[in-house]
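In what follows, a structure is listed as C-alpha cells, so that the remarks can point back to it.
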Amino acid sequence: MDSDIDTNVAPSGAGCAECDRQAGFWVHLRRCAACGHVGCCDTSPGQHATAHFRETGHRLVQSFEPGEDWFWDYVDETMFTGPELADPTSHPADQPSPGPRGRVPLNWRELIHT
C-alpha cells in the first residue's frame with residue numbers, strides 16, 4: 001500500500017478539478033494520495049473522487065479539508081492514518097464547505113447524496 005502514496009506530489013488545485021471545469025460545487029474534498037488529483041466526496045453531486053478511483057485504480061485518498069488528515073482506502077473500505085503529503089494539505093481555510101463560494105446553489109441540500 002505504501003507504493004500507492006507519493007508524499008512529494010502536490011494537489012491538483014484548491015478545489016475539485018471536475019467541478020471547476022463544469023462550474024459545479026462540492027460538499028467536501030478528497031485528495032488522491034498517488035497523483036494529487038483533488039475530487040469531491042461521495043456526498044457531493046459529482047462524486048468525482050470515487051470516479052477518479054474507478055478510472056485510475058488509485059485506491060487511497062486523504063481528506064482535503066482543513067484540520068483533517070485521515071486517509072481512506074477505497075479497496076478495503078477502511079480509514080487509516082498515513083504519512084504527511086506535500087503542501088498544501090487542504091483547500092484554503094477561507095474557502096467554505098460546501099464550496100466554492102459563489103457556486104453553491106441555495107437548494108444545495110436537495111442536490112446532495114446522503
Side-chain angles (χ1 to χ4, degrees):
M1 190 164 27
D2 287 342
S3 63
D4 296 315
I5 298 176
D6 185 341
T7 59
N8 297 310
V9 69
S12 62
C16 175
E18 290 81 8
C19 287
D20 281 342
R21 281 196 296 275
Q22 300 165 1
F25 77 97
W26 53 80
V27 178
H28 297 290
L29 298 171
R30 308 293 179 241
R31 173 186 179 176
C32 177
C35 72
H37 174 272
V38 176
C40 55
C41 70
D42 284 351
T43 304
S44 303
Q47 301 179 338
H48 293 119
T50 297
H52 176 76
F53 157 65
R54 289 186 182 130
E55 291 167 10
T56 65
H58 296 168
R59 67 189 276 177
L60 307 177
V61 293
Q62 185 180 45
S63 174
F64 200 58
E65 296 296 318
E68 297 182 358
D69 61 0
W70 54 264
F71 285 78
W72 176 257
D73 183 332
Y74 283 108
V75 174
D76 293 342
E77 296 186 348
T78 57
M79 189 178 288
F80 66 97
T81 302
E84 188 169 328
L85 300 181
D87 285 333
T89 57
S90 73
H91 65 74
D94 64 349
Q95 177 179 288
S97 291
R101 184 174 287 108
R103 288 204 323 241
V104 180
L106 294 176
N107 67 334
W108 69 270
R109 286 183 178 84
E110 298 169 18
L111 305 173
I112 62 172
H113 303 273
T114 56

Worksheet item: Any side chain to side chain donor-acceptor pair (under 3.5 Å) pairs touching residues 32-45, not counting sequence neighbours?
Response: E18-H37, D42-T50
Practice prompt. Enumerate the residue pairs fulfilling side chain to side chain donor-acceptor pair (under 3.5 Å) with a member in residues 20-32, sequence neighbours excluded, ordered by first and then second residue.
Written response: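 Non-adjacent pairs meeting side chain to side chain donor-acceptor pair (under 3.5 Å): D20-R103.
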Could you pull out the closest heavy-atom pair between [X] and [Y], with the gap in Å?
X	Y	value
A14	P92	CB-CD, 3.7 Å
D87	A10	O-CB, 4.4 Å
H91	P66	NE2-CD, 3.3 Å

Could you measure the distance from the [atom1] atom of [X] to the [atom2] atom of [Y]? Nearest 0.5 Å is fine.
X	Y	atom1	atom2	value
C16	F64	SG	CZ	11.5 Å
L29	E65	CG	CD	5.0 Å
Q47	C41	CD	SG	8.0 Å

Item to complete: Report yes or no: does Q62 contribute a side-chain atom to a donor-acceptor pair with the main-chain N or O of D69 at less than 3.5 Å?
Response: yes
Worksheet item: Is the side chain of D73 donor-acceptor paired with the backbone N or O of D76 at a distance under 3.5 Å, no angle test?
Response: yes
Worksheet item: With sequence neighbours excluded, what pairs up with Q95 under the side-chain hydrogen bond (donor to acceptor under 3.5 Å, both in side chains) test?
Response: none
Worksheet item: Tracing side-chain links under 4.5 Å among I, L, V, M, F, W and Y, which residues wind up in one group with V27?
Response: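 Taking Ile, Leu, Val, Met, Phe, Trp and Tyr as members, V27 shares its hydrophobic cluster with F25, V104, W108, L111, I112.
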Fill in: ILVMFWY cluster, L60 and L85 together (side-chain gap under 4.5 Å)
yes
Discussion item. Check for me, please, whether W70 and I5 land in the same ILVMFWY cluster - side-chain distances under 4.5 Å, paths through other members count.
Written reply: no
Worksheet item: Do the non-hydrogen side-chain atoms of P83 and F71 ever get within less than 4.5 Å of each other?
Response: yes
Fill in: Chi angles and distances behind the side chain to side chain contact (heavy atoms under 4.5 Å, CB included) call for H58, D4
CA-CA 7 Å; H58 296 168; D4 296 315; over 6 Å; no
Discussion item. Going by side chain to side chain contact (heavy atoms under 4.5 Å, CB included), name the residues that satisfy it together with P88, two or more places apart in sequence or in a different chain.
Written reply: P11
Discussion item. Taking side chain to side chain contact (heavy atoms under 4.5 Å, CB included) as the definition, give me every residue that meets it alongside F53, ordered by chain and number, with sequence neighbours left out.
Written reply: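 Testing F53 for side chain to side chain contact (heavy atoms under 4.5 Å, CB included), a comparison that skips the adjacent residues, returns R59, Y74, V75.
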